[in-house]
Amino acid sequence: MRAIIRIEKLSKRYRIGSRGTARYETLRDTIVRGVRMPLRAARRMLDGSRTENQGVARHDDAKYIWALRDLSLEIMPGEVVGILGRNGAGKSTLLKVLSRITAPTSGRAELYGRVGSLLEVGTGFHPELTGRENIYLMGAILGMRRAEINRKFDEMLAFAGVERFVDTPIKFYSSGMFVRLAFAVAAHLETEILLVDEVLAVGDAAFQRKCLGKIGDVARHGRTVLFVSHNMASIEALCSSCILINGGELEAKGDPAQIVMRYMAAELSAHEGSRALIGHQGRTGISNPLMKSVSLLAGAGQTSGMVRMDEPLDVRVEFEAEAAIRPVLGVSVRTAEGMPLFGVNNRWTNDGIEDDPIRAGTITCSLGKLPLMPGMYFLDLFFGDFGDPTRDLDVVREAISFEVAPADIFGSGALTPASEGPLLWRASWSAQAGREGKQ
Amino acid sequence: MPKALKAESFEARARAKAAPGSHAPGPEDEGHGPRPLIIDSGRNPLAAGMRELWSHRELLFFLAWRDVKVRYKQTALGAAWAILQPFMTMVVFSLLFGRLAKVPSDGVPYPVFAYAGLLPWTFFSNTAGTGGNSLVNNASLITKVYFPRMVIPGAVVLAGLADFGLAALILFGMIAWYGLNPGLALLMLPALIVLLTVLAAAVAMWFAALNVHYRDVRHALPFILQLLLYLTPIIYPVSFVPARWRWVLRLNPLSGIIQGFRSALLGRPFDWDGLGISAALTAAILAYALWSFRRMEQGFADVI
């Protein structure tokens with residue numbers, strides 16, 4: 001049997017600036033570049049040296065990230081492929097390239113069939129239009145013919161459960177109704193290939209089950225589905241095979257259960273106590289990666305991502321700057337759900353500031369005994385120069401995670417319940433008998 | 001469960017193959033059968049792009065319909081706005097330029113002279129203005145769904161034609177009111193409308209694409225259009241301009257078209273040379289706009 005999707009060495013490069021703060025260049029930038037480019041080209045020609053060229057290439061590389069890198073893959077007709085990977089691994093980019101929203105930088109893909117994609121729920125809905133009008137509009141946007149929409153109109157309404165509001169502008173819909181209607185239209189796309197990004201994260205549990213069922217139906221009708229989800233249970237239930245993407249590259253393809261296991265194991269080994277930060281996805285702020293790596297020193301000073309309750313924890317960052325600086329380090333701690341707990345920074349405390357600037361080395365922040373309940377936590381790192389109080393030179397969000405392990409710290413033999421929030425609090429109690437209670 | 005599902009879907013696939021035609025043909029027909037849809041870093045040829053645009057014509061109509069529908073939702077006057085805009089401008093121009101400044105109008109009453117120019121101008125300036133912002137305003141669509149991007153400015157042009165049709169009714173009323181008889185010249189009108197539409201579409205398309213990359217367009221566009229109003233013989237006739245400067249007007253493709261509108265509607269003699277120059281300029285602008293749009297198109301989703 002011939003593959004329905006054949007992907008050969010697909011790569012996609014993004015310029016870092018174009019998706020961050022400076023989203024688009026202004027005309028002025030282009031004019032300036034237009035003037036400079038011939039000058040630079042002329043100089044390069046005069047020099048004729050290869051070192052100059054290499055310098056330019058390296059400089060350019062730092063401004064780009066590869067969202068996909070040489071990804072090759074074949075998918076057979078009727079396969080339902082789950083796509084797993086961390087945030088920023090390239091899952092959504094893969095779907096965007098396959099649905100032709102964005103062009104690849106290099107490589108190619110062949111798709112033998114009509115492609116429908118559902119990357120976001122409610123794309124193209126207009127709040128002023130009624131449910132009926134929006135069904136036709138969105139159907140057309142997704143590539144359905146008018147006759148096709150006519151045929152499935154009642155089915156879509158029933159699936160969404162909004163029959164009574166079909167002639168109401170959807171700006172008056174509840175968010176649940178909105179999502180159900182949007183998914184209903186998309187779920188009735190009859191293409192041979194369906195690309196679905198994580199759209200099921202919306203809606204209530206009952207509707208999610210219904211949507212999963214619908215995707216299952218699509219698959220049973222012999223259509224090919226590529227499906228991004230963070231919901232491991234739905235991947236295992238729906239997919240006939242699964243791929244794992246890491247850093248834009250295909251890491252593994254195989255049986256869903258096996259790949260899910262592998263992905264979970266990789267996620268867990270993320271708290272190994274030390275991590276290189278150079279290629280970290282969570283970097284914001286200035287593009288120069290000054291922080292090279294971070295290690296966590298738990299208890300007696302060994303590197304570990306596991307710390308027992310009430311044990312001290314040190315955060316050590318290895319750095320290398322272009323010029324000598326007086327390093328300051330900010331550390332903030334967040335729960336696995338992303339709630340900030342506390343942050344420290346020696347810029348504020350004036351503690352441990354070196355008088356003599358250094359260019360490379362390590363800086364260690366001792367957090368002391370962590371007042372945290374058992375669970376997983378993330379650290380954000382902020383690195384700066386004491387001499388430049390206006391900004392941080394390097395910021396890495398979710399730089400490293402660690403696990404606080406339960407311990408019998410009160411010597412009572414009773415473990416603390418997990419439901420009491422993230423803070424470990426020490427309190428004291430005293431009970432006195434009232435006059436009545438005296439025996 | 002996954003294994004059972006896989007086996008079942010292969011069977012279903014085989015069944016679907018045994019009964020051809022079970023799927024309704026869709027807008028991406030070229031992806032069917034032995035010819036695969038190829039995705040790579042190159043651009044598809046112009047002919048394929050045009051074929052694809054044609055296969056998405058229903059979407060073009062739906063988006064135009066949405067624009068018309070949404071534009072007059074929750075307005076008290078509704079579509080009357082399409083008429084009011086050029087009509088009130090005509091009234092003000094007639095008082096200001098016709099009565100006070102005594103601008104000549106080639107022997108026809110100034111109001112109908114002005115309106116015959118304002119009708120195509122309003123269409124052009126609304127289309128270029130709205131069209132120029134259309135891609136940016138539909139950014140969420142562009143980053144989440146694929147379709148030929150030209151559909152978006154194209155829909156703006158189509159929606160503008162609806163307003164143009166409404167506003168034209170007033171003009172025919174005025175022609176009857178002033179007892180003008182355009183005669184056979186009226187036969188030129190469809191060709192002029194096509195020329196005007198092509199010019200408006202090309203300009204809208206080019207500005208829309210440029211706007212994605214350079215938001216300066218958003219600020220420059222209203223200003224450019226305002227200047228263009230004065231550089232086009234709308235308020236004044238060409239005869240008002242000293243003869244040695246008339247060639248400047250000819251560089252503006254709108255002048256020939258708007259003059260043509262007046263000739264076709266008000267029974268004035270045609271300036272065939274001017275019209276020919278306008279047609280040639282329009283063709284050149286269209287070719288440039290197409291080339292430039294297709295060159296920038298691929299980066300839209302990444303930079304918008």
Side-chain angles (χ1 to χ4, degrees), chain A residues 14 18-19 23-27 30 77-80 96-115 117 119-120 123-124 126 128-129 133 136-137 140-148 190-192 216 219-222 236-241 255-257, chain B residues 1-3 5-6 8-17 23-29 31-43 56 58-59 61-63 65-66 69-70 73-74 138 140-147 212-217 220 298-304:
Chain A
Y14 281 109
S18 71
R19 293 213 305 182
R23 286 175 57 133
Y24 36 81
E25 54 183 10
T26 61
L27 206 52
T30 309
E79 261 192 290
V80 180
K96 278 192 174 182
V97 170
L98 290 181
S99 53
R100 285 198 288 169
I101 289 166
T102 181
T105 309
S106 66
R108 68 190 248 134
E110 292 170 12
L111 294 96
Y112 296 80
R114 278 176 72 197
V115 182
S117 60
L119 303 192
E120 188 184 68
T123 308
H126 199 290
E128 295 285 346
L129 299 177
E133 290 163 343
Y136 279 95
L137 179 64
I141 288 171
L142 291 176
M144 286 189 226
R145 284 280 157 90
R146 195 193 185 89
E148 198 179 340
E190 275 194 351
T191 52
E192 285 86 24
R220 268 185 288 278
H221 282 93
E236 283 196 63
L238 290 171
C239 300
S240 56
S241 66
D255 180 62
Chain B
M1 164 102 188
K3 277 218 178 84
L5 194 73
K6 192 177 181 179
E8 206 177 338
S9 48
F10 279 142
E11 272 174 33
R13 176 82 194 169
R15 273 201 303 277
K17 270 198 173 156
H23 287 299
E28 279 158 36
D29 280 350
H32 256 306
R35 202 141 55 110
L37 170 64
I38 309 257
I39 295 170
D40 57 21
S41 53
R43 236 179 303 158
H56 280 77
E58 257 186 21
L59 177 59
F61 284 109
F62 267 118
L63 286 177
W65 164 84
R66 174 195 74 173
K69 193 117 190 173
V70 169
K73 275 241 161 143
Q74 252 185 39
N138 284 290
S140 64
L141 273 187
I142 287 173
T143 54
K144 297 294 177 195
V145 197
Y146 175 76
F147 50 83
V212 172
H213 289 269
Y214 315 107
R215 298 299 150 95
D216 310 61
V217 171
Q298 285 202 316
F300 282 171
D302 297 338
V303 295
I304 202 163

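As the structure is a prediction and not an experimental result, all values here were calculated from the model. Labels below follow one simple rule: chain letters A, B, ... track the order of the sequence lines, proteins then strands, and each chain is numbered from 1.
Taking both residues in full, the closest heavy atoms of Thr105(A) and Ser41(B) are given as O-CB, 3.4 Å, listed atom of the first, atom of the second, then distance. The shortest non-hydrogen separation linking Gln298(B) to Ala103(A) is NE2-CB, 3.8 Å. Looking at every heavy atom in both residues, Arg146(A) comes nearest to Glu58(B) through N-OE1, 2.8 Å. The minimum heavy-atom distance linking Leu98(A) with Ile39(B) is given by the pair O-CD1, 3.3 Å. Pairing each heavy atom of Ser140(B) with each of Thr123(A), the nearest pair is O-CG2, 3.8 Å.
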Problem set entry | Check against side chain to side chain contact (heavy atoms under 4.5 Å, CB included), Leu137(A) and Leu63(B) | CA-CA 7 Å; Leu137(A) 179 64; Leu63(B) 286 177; 4.0 Å; yes
For this session: Apply side chain to side chain contact (heavy atoms under 4.5 Å, CB included) to the pair Val145(B) and Leu119(A), showing each step before the final yes or no.
Result: CA-CA 8 Å; Val145(B) 197; Leu119(A) 303 192; over 6 Å; no
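Shown here are the side chain to side chain donor-acceptor pair (under 3.5 Å) partners of Arg108(A), two or more places apart in sequence or in another chain: Glu110(A). By the side-chain contact (heavy atoms from CB on, under 4.5 Å) test, Ala140(A) is found to be paired with Leu59(B), Phe62(B), residues two or more places apart in sequence or in another chain being considered.
To the nearest 0.5 Å, the span separating NE2 on His56(B) from CD1 on Ile141(A) amounts to 11.0 Å. With rounding to the nearest 0.5 Å, the separation of NZ in Lys69(B) from CD in Glu133(A) is 4.0 Å.
When Phe300(B), Phe147(B), Trp65(B) are compared by the number of non-hydrogen pairs under 4.5 Å with chain A, Trp65(B) comes out ahead.
Within the 4.5 angstrom heavy-atom criterion, only backbone atoms of Ser99(A) (N, CA, C, O) approach chain B. Lys73(B) touches chain A through its side chain: at least one heavy atom from C-beta onward sits under 4.5 Å away, while N, CA, C and O do not.
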